[in-house]
Enquirer: 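Below is one structure. I have some questions about it.
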Number of protein chains: 2
Amino acid sequence: MTVIFSKKCEYGLQAVLFLAAQKTGTVVSAVTISEVLKIPREFISKILQSLRDSGITRSTKGKSGGFCLAKPASEIKLIDIVEAIDGLEIFNSCVLGFPECSPVTPCPVHDSWGALRDQAFEMLSNETLDKLKDKTLSKIQSL
Amino acid sequence: MTVIFSKKCEYGLQAVLFLAAQKTGTVVSAVTISEVLKIPREFISKILQSLRDSGITRSTKGKSGGFCLAKPASEIKLIDIVEAIDGLEIFNSCVLGFPECSPVTPCPVHDSWGALRDQAFEMLSNETLDKLKDKTLSKIQSL
DNA sequence: ATAAAATCGGAGTATTTTATCCAAATAATT
DNA sequence: AATTATTTGGATAAAATACTCCGATTTTAT
């Protein structure tokens, strides 16, 4: 079960973190990413292709081709990947599914949930890929 | 799009809050709930039936039958509904979808996300249906 | 008794999400 | 030039989630 992001988004986050953990500019094939992260090959290809369209990754075709980041890891935030794949709607919609949940017509948990949601957004906006490099490397070791 | 709960769970939470906002012991039909909350009738029936199996609601058949809470609103927490429908897995699994995300092999956001997740759990465990009654009533007014 | 209004249970359908397959294009290597 | 390893794009398949249908049963009210 997914926690808050779609599987697509989880995979995208994992893959992009993985790319950021490589030496800058290293090109990694979808097969490698797929094997290391245990993500279906064709699926992660598609995800990285869509992230390329969003300007987050870059791809090179042909033998020894693959994927790498389109920008320095310090310029990519986790929220960018989330936005590109799942969108930002979750940070703007009611946790209980009520329509028009706003300060004027708040749901019963509007305030308490709102605070949490804002913290989550904040967190994802602060974390850049380079800040997470060391932690990503140790996680990869353990896989 | 759902925020963190399935549609089933969102609907369940809404319906149970609605029941808690009625005078104690009032029996409400699935049709009424469906109309007020704009939830497909057959769908909310099934959801309330499964919540009955979990001991949260009670149902009475026949004419003037319907659903009510199985216990006092003060004894039902939001987390109980979540647990009954979606389960508690989301409070115990990695937000990035990594396997074995634990203090020993943490994902890159293990600590920051963990804190948020615990707060969310806490919140859902503190909020009982009766505490939310007034807020629920105003929300229902606005629908 | 009969009719009306409700839940119940089980099966079925629709939609969305996740995943796979394959042929074509591209580029490096031999 | 041929081979190999890769991405690309489009179609398709499988699985999960969301939702519906309907006949049977139960209860109340006339």
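A, B, ... follow the sequence lines: proteins, then strands. Residue 1 opens every chain.
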Enquirer: Could you check how far CG of B/Leu51 sits from P of C/dT7, rounded to whole Å?
Expert: 14 Å

Enquirer: Expressed as a whole number of angstroms, how long is the span from A/Glu42:CD to D/dT6:C1'?
Expert: 12 Å

Enquirer: Mind calculating the distance between CZ (A/Arg52) and C1' (D/dG9) to the nearest angstrom?
Expert: 10 Å

Enquirer: Looking at the side chain of B/Lys63, which of C/dA19, D/dG9, D/dT28 is the nearest nucleotide?
Expert: D/dT28

Enquirer: Taking only residues at least two apart or on different chains, which pairs with a member in residues 76-104 of chain B satisfy ring-ring contact (aromatic ring centres under 6.0 Å, His included)?
Expert: B/Phe91-B/Phe121

Enquirer: Which of the following nucleotides, C/dT18, D/dT7, D/dG10, is nearest to the side chain of A/Lys46?
Expert: D/dG10

Enquirer: Over 60° means perpendicular and under 30° means parallel, so classify the ring planes of B/Phe43 and B/Tyr11, tilted if in between.
Expert: perpendicular

Enquirer: So, taking the atom named CG in A/Leu17 and the one named NZ in A/Lys135, what distance separates them when rounded to the nearest 0.5 Å?
Expert: 11.5 Å

Enquirer: Identify, between A/Pro40 and A/Ser64, the residue whose nearest nucleotide on DNA chain C lies closer to the 5' end.
Expert: A/Pro40

Enquirer: What is the distance, rounded to the nearest whole Å, between atom CZ of B/Phe5 and atom P of D/dA16?
Expert: 22 Å

Enquirer: Which of the following nucleotides, D/dT7, C/dT18, D/dC21, is nearest to the side chain of A/Ser6?
Expert: C/dT18

Enquirer: Determine the contact category for B/Ser45: base if any of its heavy atoms lies under 4.0 Å from a base atom, sugar-phosphate if only primed atoms, P, OP1 or OP2 are that close, otherwise nothing.
Expert: nothing

Enquirer: Expressed in angstrom and rounded to an integer, what is the separation of B/Phe43 atom CZ from D/dC21 atom P?
Expert: 14 Å

Enquirer: Is D/dC19 paired to anything, Watson-Crick or G-U wobble with both distances less than 3.5 Å, and if yes, which nucleotide?
Expert: C/dG12

Enquirer: Taking the side chain as every heavy atom from C-beta outward, state whether A/Thr136 and B/Cys107 have any pair of such atoms under 4.5 Å apart.
Expert: no

Enquirer: Name the nucleic acid region contacted by B/Gly65, choosing base, sugar-phosphate or nothing; use a 4.0 angstrom heavy-atom cut-off, strictly under.
Expert: sugar-phosphate

Enquirer: Report yes if at least one side-chain N or O of A/Tyr11 is closer than 4.0 Å to OP1 or OP2 of C/dT18; otherwise report no.
Expert: no

Enquirer: Are A/Ile33 and A/Leu48 side-chain neighbours, meaning at least one heavy-atom pair lies under 4.5 Å?
Expert: yes

Enquirer: Between A/Lys8 (NZ) and D/dA16 (P), how many Å, whole number?
Expert: 17 Å

Enquirer: Distance check: side-chain N/O of B/Thr60 vs OP1/OP2 of D/dT26, anything under 4.0 Å?
Expert: no

Enquirer: Round to a whole Å and report the spacing from NZ of A/Lys61 to C1' of C/dA23.
Expert: 13 Å

Enquirer: From CZ of B/Phe67 over to P of C/dA6, roughly how many Å is that when rounded to an integer?
Expert: 12 Å

